[in-house]
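Scroll down for the structure; my scribbles are underneath it.
Convention: sequence-line order gives letters A, B, ...; per-chain numbering from 1.
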Amino acid sequence: MADGQPQISLTFPDGSARHYPAGITPAEVAADIAPSLAKRAISAQVNGAHWDLQWPIPGDAAITLNTMKDDAPALELIRHDLAHVMARAVQELWPDVKVTIGPVIEHGWYYDFDRAEPFTPEDLGRIEAKMREIIAARDPVLTELWDRERAIRHYEQTGEPYKVELVQAIPEGQPIRMYWHGPWQDLCRGPHLQHTGQLPADAFKLMAVAGAYWRGDSNRPMLQRIYGVGFRTRDDLKAHLTMLEEAAKRDHRKLGREMALFHFQEEAPGMVFWHPDGWTIYRALEDYMRRRLTAAGYREIRTPQVVDRKLWEASGHWDKYRENMFITEIDEEHANEKRVNALKPMNCPCHVQIFNQGIKSYRDLPMRLAEFGSCHRYEAHGALHGLMRVRGFTQDDAHIFCTEDQIEDETARFIDLLSTVYRDTGFAKFDIKLSTRPEVRVGSDAVWDKAEAALEKAILKVRNDYEVDPGEGAFYGPKLDFKLTDAIGREWQCGTFQSASSAS
RNA sequence: GCUGCCGUAGCUCAGUGGUAGAGCACUCCCUUGGUAAGGGAGAGGUCGUGAGUUCAAUCCUCACCGGCAGCACCA
């Protein structure tokens with residue numbers, strides 16, 4: 001504790017306050033309170049921010065000291081440090097490997113490496129063993145603030161081009177933190193544990209290696225990503241692995257085969273062959289949905305599956321979505337040219353055709369048109385996944401034609417309908433995500449302000465929580481996405497609600 | 001589409017450069033008052049497709065198709 005510094009006041013969770021010189025670290029605060037706390041402390045919350053024990057506290061603040069008993073910070077630190085320890089292990093085993101990034105994710109972490117040779121499952125075992133050595137070494141974790149030029153020079157000298165790029169990408173004014181886990185160095189915003197020995201050597205496991213694009217950009221190099229899971233105790237790890245085993249037993253692809261509900265085969269990838277029992281379940285669901293839609297004021301319609309390209313050109317799909325569409329060519333007798341049709345990938349253009357028939361009065365609004373629309377999309381091979389991502393499917397789809405004043409109310413009615421459907425089908429809990437205006441969009445800011453506000457107010461009419469996904473809306477309007485959590489904790493994005501306003 | 005792995009009996013998988021096996025399931029017989037019971041016999045495979053190397057390929061090489069994990073994509 002340096003003297004001559006201005007004093008700051010730190011407020012503790014119980015409301016008491018202590019005074020210290022500015023720049024004191026949480027580690028020093030903990031030591032001042034009790035030696036046992038100094039030993040048990042792993043990090044702090046300083047004004048709500050997760051704070052490394054070694055980071056100085058510049059001014060008055062609310063402070064909470066975390067120990068391994070504090071779930072969220074403990075797991076974050078464990079997983080974060082395990083990511084670094086894994087990267088160190090990899091570079092100790094293969095010094096020519098280039099390191100990139102390694103964030104914490106749900107249940108664990110990953111780290112992306114650039115290495116010519118692929119990692120094998122056996123390599124994962126070797127890396128785990130090396131990680132245990134590093135943990136056993138109880139190497140101290142140190143942090144320093146460097147200026148940008150020095151950090152860039154350092155990574156140029158050590159031959160880490162990805163790190164150079166990362167340093168360059170750090171916004172002006174943000175600290176550039178250099179961390180050491182023993183002799184091994186990494187760029188990281190932290191915070192971290194105090195030494196590698198604080199990591200539970202028996203509560204982590206390396207799970208898989210897979211490709212991942214550098215910075216998520218498919219035009220950039222593909223790296224190798226190693227996934228790990230980490231917990232506080234061996235029992236927690238075992239519980240997680242058991243959960244995964246249970247999940248595998250409930251995999252709908254496996255159940256579908258075992259119970260003879262449906263199958264797939266090579267001749268129609270991503271398209272379902274429904275067997276009698278499976279189709280019985282399917283129809284029960286569809287019948288239920290039909291009753292609910294009717295009760296909610298929707299009228300059911302049916303539109304064509306194969307439609308001339310002219311309509312898709314008019315709707316803009318031909319331009320922007322053609323590579324995802326199944327196209328058919330027909331030689332018609334006496335015709336000058338082949339007629340080109342496409343299987344509909346979405347229902348919207350067809351629904352608009354029905355709306356456009358005849359003269360409509362504002363008295364007709366809102367008009368709710370629903371269809372169990374049979375759609376086909378040429379999804380990328382790598383994207384297909386059982387019944388969850390397919391090329392041929394029925395979209396339980398509806399379009400609500402209404403006035404601007406009615407948007408909010410119609411949206412709220414929709415959320416309410418969907419909520420009860422999810423509840424009835426066993427998904428009592430779900431999240432709503434509001435995707436707002438993207439960079440590239442049509443319509444004025446005023447229109448977007450209105451549209452976003454209407455959706456937001458509609459959500460609040462029904463419930464009080466939602467997340468915002470900035471910039472993820474469609475080019476023509478904001479949208480709501482509904483995410484379900486299944487019986488074993490996996491998240492799926494299911495329902496979606498998109499708002500579009502026509503210029504007239 | 002990209003990276004990696006995989007593609008052998010209905011299912012889960014083993015295997016070898018000289019034209020294939022196990023467990024479960026299936027069929028038949030026997031035993032047994034029982035509920036994934038025991039014993040015996042049996043049926044079932046163009047070893048994803050095509051080309052190449054070879055005297056010879058399920059096994060090696062290449063291409064394609066399909067699947068799995070992840071990434072990208074999801075106007």
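The closest side-chain donor-acceptor pair between H181(A) and D186(A), if any, does not fall under 3.5 angstrom. For the residue pair E165(A)/W214(A), the side-chain donor-acceptor check at 3.5 Å is satisfied. Side-chain contact annotation: Y282(A) with T394(A), donor-acceptor N/O pair under 3.5 Å present.
The separation between D114(A) atom CG and rU3(B) atom P is 14 Å, rounded to whole Å.
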Q: Indicate for each nucleotide in nucleotides 70-75 of chain B, in 5' to 3' sequence, whether protein heavy atoms under 4.0 Å reach the base (B), only the sugar-phosphate (S), or nothing (-).
A: BBBBBB

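Classified by interplanar angle (parallel below 30°, tilted 30° to 60°, perpendicular above 60°), the ring pair H399(A)/H351(A) is perpendicular. Note: F262(A) and F264(A) have perpendicular aromatic rings, judged against thresholds of 30 and 60 degrees for the angle between ring planes.
With P as the reference atom, rA57(B) and rA51(B) are 12 Å apart, rounded to whole Å. Using atom C1' as the reference point in both rA20(B) and rU16(B), the two lie 9 Å apart (nearest Å). Between rU8(B) and rA14(B), the two C1' atoms lie 10 Å apart (nearest whole Å).
Under the salt bridge (Lys or Arg N to Asp or Glu O under 4.0 Å) criterion, E156(A) pairs with no residue, sequence neighbours left out.
Between R257(A) and Y378(A), it is Y378(A) whose nearest contact on RNA chain B lies nearer the 5' terminus.
Within the nucleic acid shown, R253(A) comes within 4.0 Å of sugar-phosphate atoms alone, with no base atom in reach, counting heavy atoms only.
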Show which side-chain atoms of residues 427-436 of chain A pair as donor or acceptor with protein atoms under 3.5 Å away, not counting sequence neighbours.
from: K433(A); atom 1: NZ; to: D469(A); atom 2: OD2; distance (Å): 3.4
from: T436(A); atom 1: OG1; to: G471(A); atom 2: N; distance (Å): 3.1

May I have the list of side-chain donor-acceptor pairs in residues 414-423 of chain A shorter than 3.5 Å, sequence neighbours left out?
from: S419(A); atom 1: OG; to: I415(A); atom 2: O; distance (Å): 2.6
from: T420(A); atom 1: OG1; to: R292(A); atom 2: NH1; distance (Å): 3.2
from: T420(A); atom 1: OG1; to: R292(A); atom 2: NH2; distance (Å): 2.7
from: T420(A); atom 1: OG1; to: D416(A); atom 2: O; distance (Å): 3.4
from: T420(A); atom 1: OG1; to: L417(A); atom 2: O; distance (Å): 2.8
from: Y422(A); atom 1: OH; to: G495(A); atom 2: N; distance (Å): 3.0

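In this structure a side-chain-to-backbone donor-acceptor pair under 3.5 Å is present from Y155(A) to L187(A).
Proximity of residues 390-402 of chain A to RNA chain B (heavy atom under 4.0 angstrom from any strand atom) is not detected for any residue.
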Q: For RNA chain B, just give me the dot-bracket, please: Watson-Crick or G-U, both distances below 3.5 Å, ( ) intra-strand, [ ] crossing earlier pairs, | paired with another strand, . unpaired.
A: (((((((..((((.......)))).((((((.....)))))).....(((((.......))))))))))))....

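Partner E371(A) forms a salt bridge (Lys or Arg N to Asp or Glu O under 4.0 Å) with one of R299(A), K344(A), R290(A) and no other, that one being K344(A).
Relative to the six-membered ring of F231(A), R79(A) meets both conditions, a distance below 6.0 Å and an angle of at most 45° to the axis.
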